[in-house]
Undergrad: 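The structure is given below, and queries will be raised subsequently.
It should be emphasised that the depicted structure is a prediction, and the values quoted were computed from it without experimental measurement. In what follows, every chain begins at residue 1, and chains take the letters A, B, ... in the order their sequences are listed.
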Protein chains: 2
Amino acid sequence: MDKRSAEKTVAGGTLPAGGGADQVVPAYRRIANALADRVNLGVYPPGSRLPSGSELCREFGVSPMTVRKAMTILESRGLVAGVKGRGTFARSVDLSDTSFRLDSLTGEWLDETAEIRLLSASMTRADDKVAATLAVAPGDRVIFVRRLVLHNGDPAMYHTEYIVYDPRRPLVESQLQLTSLHAFLDSGRARRFPRGELTLTAVKLDADSARALGESEGDLALCLEHVFQDGSRAPVSWGWFILRAELFRLKARLGPE
Amino acid sequence: MDKRSAEKTVAGGTLPAGGGADQVVPAYRRIANALADRVNLGVYPPGSRLPSGSELCREFGVSPMTVRKAMTILESRGLVAGVKGRGTFARSVDLSDTSFRLDSLTGEWLDETAEIRLLSASMTRADDKVAATLAVAPGDRVIFVRRLVLHNGDPAMYHTEYIVYDPRRPLVESQLQLTSLHAFLDSGRARRFPRGELTLTAVKLDADSARALGESEGDLALCLEHVFQDGSRAPVSWGWFILRAELFRLKARLGPE
DNA sequence: TAGTGGTCTAGACCACTTA
DNA sequence: AAGTGGTCTAGACCACTAG
């Protein structure tokens, strides 16, 4: 249909309702929300097949691509799963589909007052555990770094890291003297290693971490362990952040928006 | 262009290369990965503007919608941010953009051996804290439930929950006698409350939780606090899961795939 | 006014499943 | 052979920004 002869719809969505809608909601979002509601309310019970693409086109009066976009959203939310040639099926979504963003952790305290202090940087030899994690031979040279991040002058997190030594990659010079926290966190990804695996656990402070953070051994903490990798998934850095438990919490939301 | 007269491209992507590509990679994914690499490698430094949609169409030889889809993916990954009328800009992505999925937590131990035990269920009056969280008046009736989830016969998590009492919604009967863990987790969402907010923290066991989990007071644990809401975001249930720390960990991956 | 991101259309083709 | 999900096209229109 040529848009210059459009009658009931415009490109941005449905025409503003007579009542005067405040916000224009895109059609694909309207459809996604409508279908999400039906899944949540049990109109499409877990495991059952949703109406096909063409049926939904008729129901909502939109073109296939628009329905498709809505389905993509629902699929990314884990609400439905599409199967080629068979159909799209409602999933049973539960708590385990929740996803926590780490930025809900940093957002509250990550500001200009954050300061990073280099505690030590040295060359050492990989022990068995380090060698296994970094996929190098035991006894190979690795860089060992310890950093402390302070917030309002107080220790907030303690970072220990082993980095594969590669003379062709002058990491040490450029990375060790970081003073800005943002650059520090940034160094975990943007310019450095595009891939990685992270694990978050609750731990008790060992003697070393406790001393660094100025707390008592055995105190409560979060441990964010990381293995950063290069483009071909070869491990380059292994380490862990020890976070003071009171300062950090992960938040997540269920449901639309 | 009519597809029946296609020459160099087919709908599924580029024509199979002479070498014989194993897997057909959709064009939008190829483009998204290519652009993601450029952002990560600093070809498009943080804050800089990416080539416009039409430029990318020319570069990759695809139609606007395909480029658009790639951009949507990058935006959802937090790698870029589009601004109407101005352009699409590279973001500085760091650790704080990581997102953890709770299913990496349950995946390992959630199976048929999991058992749920109802410890207590009673009607009580909301104290100030409960009233504030559930948006009811202090002294109003609320349902108080305590559950224990066992794995291989051992206590794994302890759940405490306050539920707004609403005689029109016979929650108690249907929810209290759950015996399947899957149905239990499911009850947090699918059929019950479509929305909610979750917070994950590290805590020490209080006397009550320690007794329930068969551990010692002061021991390490994760606390998953939840506020479930109805469709209009009115709180309906407030509670928290106390998780034995050794059994639970959150995992995440950085980068493409 | 020209350019940009964002939305939408009305088709097409493919790979796949089911009958 | 018919139906379905998934991909892609070659346009269009809108809201917005900037020169």
Undergrad: Where the side chain of P26(B) is defined as all heavy atoms beyond and including C-beta, which of dT7(D), dT7(C), dA10(D) is the nearest nucleotide?
TA: dT7(D)
Undergrad: Return the OH to CG distance between Y44(B) and L79(B), rounded to the nearest 0.5 Å.
TA: 12.5 Å
Undergrad: Could you pull out all donor-acceptor pairs under 3.5 Å where a side-chain atom in residues 47-55 of chain A meets a protein atom, sequence neighbours excluded?
TA:
residue: S48(A); atom: OG; partner: P45(A); partner atom: O; Å: 2.6
residue: S52(A); atom: OG; partner: S54(A); partner atom: OG; Å: 3.2
residue: S52(A); atom: OG; partner: E55(A); partner atom: N; Å: 3.4
residue: S52(A); atom: OG; partner: E55(A); partner atom: OE1; Å: 3.3
residue: E55(A); atom: OE1; partner: S52(A); partner atom: N; Å: 2.8

Undergrad: Within less than 4.0 Å of OP1 or OP2 of dT7(C), is there a side-chain N or O belonging to Y28(A)?
TA: yes
Undergrad: Rounded to the Å, how far apart are M65(B) CE and dA12(C) P?
TA: 17 Å
Undergrad: Who pairs with A202(B) by side chain to side chain contact (heavy atoms under 4.5 Å, CB included), at least two apart in sequence or on another chain?
TA: A202(A), L220(A), L222(A), A245(A)
Undergrad: With respect to W238(B), which candidate in E197(B), E225(B), E161(B) satisfies the side-chain hydrogen bond (donor to acceptor under 3.5 Å, both in side chains) definition?
TA: E225(B)
Undergrad: Return the minimal non-hydrogen interatomic distance between L56(A) and M71(A), and the atom names on each side.
TA: CD1-CE, 4.1 Å
Undergrad: Name all residues meeting the side chain to side chain donor-acceptor pair (under 3.5 Å) criterion together with R86(B); count only those two or more places apart in sequence or in a different chain, and write none if there are none.
TA: none
Undergrad: Starting at CD of E75(A) and ending at P of dG5(D), how long is that distance when rounded to a whole Å?
TA: 11 Å
Undergrad: Once you measure the plane-to-plane angle for H226(A) and H159(A), does it fall in the parallel (<30°), tilted (30-60°) or perpendicular (>60°) bin?
TA: tilted
Undergrad: For the pair made of CZ in F60(B) and P in dT7(D), what is the distance, rounded to whole Å?
TA: 18 Å
Undergrad: Please produce a list of atom pairs where a protein N or O lies less than 3.5 Å from an N or O of nucleotides 2-4 of chain D.
TA:
residue: dG3(D); atom: N2; partner: G85(A); partner atom: O; Å: 3.2
residue: dT4(D); atom: OP1; partner: S52(A); partner atom: OG; Å: 3.2
residue: dT4(D); atom: OP2; partner: S54(A); partner atom: OG; Å: 3.4
residue: dT4(D); atom: O2; partner: G85(A); partner atom: N; Å: 3.3

Undergrad: CG of L74(A) versus P of dG5(D): gap in Å, rounded?
TA: 13 Å
Undergrad: Whenever both distances are under 3.5 Å in a Watson-Crick or G-U wobble pair, mark it; put DNA chain D into dot-bracket that way, with [ ] for crossing pairs and | when the partner is on another strand.
TA: ||||||||||||||||||.
Undergrad: Kindly say if T66(B) contacts the phosphate of dT7(D), meaning a side-chain N or O under 4.0 Å from OP1 or OP2.
TA: no
Undergrad: Between P235(A) and A135(A), which heavy-atom pair has the shortest distance, and what is it?
TA: CG-CB, 3.9 Å
Undergrad: Which is more 5' along DNA chain C, the nucleotide nearest P64(A) or the one nearest M71(B)? Just name the residue.
TA: M71(B)
Undergrad: Just to verify, what does A234(A) make a side chain to side chain contact (heavy atoms under 4.5 Å, CB included) with, not counting sequence neighbours?
TA: D230(A), S232(A)
Undergrad: Please check the phosphate of dC8(D) (OP1 and OP2 only) for any side-chain N or O of K69(B) closer than 4.0 Å.
TA: no
